[in-house]
Amino acid sequence: MIPQTDMSPASTPRVRFAPSPTGYLHVGGARTALFNWLFARHTGGTLILRIEDTDFERSSEEMVEGILEGMRWLGLNWDEGPFFQSQRLDLYRQTAETLLASGHAYPCFCTKAELEQRRAAQAVSAGCPPMYDRRCRTIDPPLAAQRKAAGEPFAVRFAVPDGRSTGFDDAVFGRIEFANAEIEDFVLLRSDGIPTYHLSVVADDIDMRLTHIIRGADHISNTPKQVLQYQALGATLPTFAHVPLILGPDKTRLSKRHGATSVISYKELGIVPEAFRNFLALLGWTPGPGHKDREIFSSDDLIQLFSLEGISKSNAVFDNDKLAWFNTEYIRAYDAEKLPRLIEEEWAKAGFTPTRPREEILAAIDLLKPRARNLKDFATIFRAYFSDTFDYDPAAVAKFLSDGAVRAFLVQLSQRYAAAREFTEAETETILRAFADESRIKAGPLINGSRVALTGQAVAPSLFAVMANLGKDRVVKRLASSESIKAESSKAD
RNA sequence: GGCGCCAUGGUGUAAUUGGUUAACACGCCGCCCUCUCAAGGCGGAGAGUUCGGGUUCGAUCCCCGAUGGCGCUACCA
């Protein structure tokens with residue numbers, strides 16, 4: 001079952017991302033996927049997507065779809081697959097047969113209940129590791145055959161060789177070794193004929209001719225079990241590269257407790273995929289010399305610079321603030337081509353279509369993007385720039401429009417603007433300041449009040465730039481209706 | 001408990017693979033600009049490299065130990 005007919009040059013790396021669909025694509029998995037993708041693209045190798053769904057209890061189709069969605073959002077395309085382990089059961093059974101036939105594995109008739117009982121007893125008696133006692137390993141083959149024939153259910157266990165130790169050279173951690181005495185005779189095939197992870201990974205990794213296994217460091221302890229199988233099967237060992245884990249702010253393993261851990265939830269938060277990718281790439285990896293002081297890397301940069309050597313050994317803490325920073329950097333760097341496309345999705349989700357001419361919309365986006373923290377801002381706090389139906393932030397109204405006199409002045413001001421010939425940034429400012437002088441009031445309150453009346457927000461770009469963008473008609477109309485703005489009401493116009 | 005791995009400011013990482021005033025970014029603090037700030041500009045604090053021993057003329061870097069954190073310890077993956 002080990003295909004030796006590899007037509008492709010041995011030098012072409014083949015890697016895989018092998019999530020198990022027992023949950024959504026979480027950030028740790030996403031980074032593993034990213035590293036595999038970067039490695040494949042950097043080396044011109046092949047990325048395979050394999051769904052490890054041999055745990056029928058916990059796997060589901062929605063989770064598979066969720067994982068694919070996350071991959072697509074991050075722009076991580078794969079070359080082969082997705083393959084489903086649930087559809088490759090024959091391969092695993094045959095591999096188990098091979099191991100059985102060569103004496104590297106044996107049938108185990110112990111029931112799950114018995115094992116649990118013994119484990120509990122062991123735990124009580126001493127602090128020794130609860131390992132399988134190998135009692136079925138010594139059953140005479142004829143007797144075993146007889147029991148099998150009698151229909152007694154059995155699992156297949158790997159016979160871990162005595163003596164020595166088993167190790168491997170990890171591309172990240174270096175040489176790692178385990179004493180064989182510490183490795184238990186693990187189950188390859190459950191009594192229902194379904195393989196365990198230990199068997200299916202190895203059978204597939206060999207069958208798919210993988211050259212590099214890039215995965216989370218939580219698999220380090222499993223690796224010797226896999227190395228043993230490669231040896232028993234006479235297969236050549238791939239290069240293992242274990243990637244340190246991502247921890248939450250409290251330095252415990254990232255989990256739901258830490259809030260958003262699903263990749264898709266970041267999309268929903270208005271994070272742009274490139275920012276997320278950039279952020280993830282720098283979590284546990286650094287580009288080589290000459291790029292130490294750089295933070296922003298395009299996908300092409302990352303692909304070009306990526307190497308296994310740059311992966312660090314220690315766990316990294318997920319820092320939301322830094323992700324937020326990457327996001328603002330990307331948003332403000334996007335050109336008038338890309339950003340609007342992303343924003344349109346947000347508008348669609350928010351359920352409205354901007355009515356203004358395209359050039360004005362682009363100009364507004366340009367004006368706003370230095371202040372945007374995420375894509376959603378364009379559909380929420382920036383809504384007044386794209387729609388005549390928008391909310392007034394109650395706090396902003398309370399702060400700058402609570403004074404009735406100011407409102408009255410704004411209405412008067414609207415008349416000045418109605419008479420304006422030009423509507424440039426400079427001209428709108430001249431008009432306002434002249435009006436303030438004549439009215440013997442300070443420009444500040446007028447400016448702040450206008451801002452709220454025009455945008456519904458206390459925070460915005462320079463007021464006159466906003467006016468120039470909004471245009472005369474809108475400015476006049478919104479200022480004129482200043483009197484009717486109510487803090488608690490939400491709609492204008 | 002056993003086994004394995006890791007350890008540089010709050011966070012992510014650097015430091016010609018033993019010689020640096022230990023660097024950069026995020027965050028934080030302050031100041032400036034100003035019509036607002038979640039914008040921009042400028043500056044600052046913050047680690048003597050977890051701790052203790054070695055080796056060395058000299059250790060962030062090499063060795064040993066301790067401590068701490070994380071992972072694994074299933075007929076889960």
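Model, not experiment: these values are computed from the prediction. Every chain is numbered from 1, with letters handed out A, B, ... down the list of sequences.
When the side-chain nitrogen and oxygen atoms of Arg294(A) are compared with OP1 and OP2 of A25(B), none of them lie within a distance under 4.0 Å. The side chain of Thr54(A) places an N or O atom within less than 4.0 Å of a non-bridging phosphate oxygen (OP1 or OP2) of A77(B). Applying the 4.0 Å criterion to OP1 and OP2 of A74(B), one finds that Arg58(A) has every side-chain N and O outside that range. Phosphate proximity of G40(B) to Arg332(A): present, with a side-chain N or O under 4.0 Å from OP1 or OP2. Between A7(B) and Lys251(A), no contact under 4.0 Å exists linking OP1 or OP2 to a side-chain N or O. For Thr286(A) and A14(B), the shortest distance from a side-chain N or O to OP1 or OP2 is below 4.0 Å.
Summarising the base pairing, G48(B) is matched to no nucleotide, lacking a Watson-Crick or G-U wobble pair whose two defining distances lie under 3.5 Å. With a cut-off of 3.5 Å on both Watson-Crick or G-U wobble distances, the partner of A38(B) is given as none.
Rounded to whole angstrom, the span from the CG atom of Leu247(A) across to the P atom of G10(B) amounts to 16 Å. Here the P atom of nucleotide A38(B) and the CG atom of Leu269(A) are 20 Å apart, to the nearest Å. If you take CZ of Phe318(A) and C1' of C26(B), they are 13 Å apart, rounded to a whole angstrom. Arg118(A) places its CZ atom 13 Å from the C1' atom of C75(B), with the value rounded to the nearest Å.
Scanning atom types as modelled, no donor and acceptor separated by under 3.5 angstrom connect the side chain of Ser221(A) and the base of C3(B). For Asn222(A) against A77(B), a side-chain-to-base donor-acceptor contact under 3.5 Å is present.
You'll find the ring centres of Tyr197(A) and His219(A) inside the 6.0 Å limit. Aromatic rings from Tyr106(A) and Phe158(A) are positioned such that their centres are separated by 6.0 Å or more.
For the atom pair OG1 of Thr380(A) and CD of Gln457(A), the computed distance is 8.0 Å after rounding to the nearest 0.5 Å.
Side-chain atoms of Pro370(A) lie closest to A39(B) of the nucleotides A39(B), G12(B), A77(B). Across U11(B), G12(B), G40(B), the shortest atom-to-atom separation from the side chain of Asp319(A) is found for U11(B). Side chain of Phe173(A), nearest nucleotide from C75(B), C6(B), G71(B): C6(B). Side-chain proximity of His198(A) to the nucleotides A38(B), A77(B), C6(B) is greatest for A77(B). Checked against U36(B), A25(B), G4(B), the side chain of Trp325(A) finds its nearest nucleotide in A25(B).
No contact: Ala443(A) has no heavy atom under 4.0 Å from any strand. Heavy atoms of Ser312(A) sit under 4.0 angstrom from primed sugar atoms or phosphate atoms, though from no base atom.
Arg175(A) forms no cation-pi arrangement with Phe168(A), by the criterion of a distance under 6.0 Å to the ring centre and an angle within 45° of the ring axis.
Between G48(B) and A7(B), the two C1' atoms lie 16 Å apart (nearest whole Å).
Considering only heavy atoms from C-beta on, Tyr266(A) comes within 4.5 Å of Asn320(A) through its side chain.
Taking syn as a glycosidic angle within 90° of 0, G4(B) does not qualify and is anti.
Mapping Ala316(A) and Asp218(A) onto RNA chain B by nearest heavy atom places Ala316(A) closer to the 5' end of the strand.
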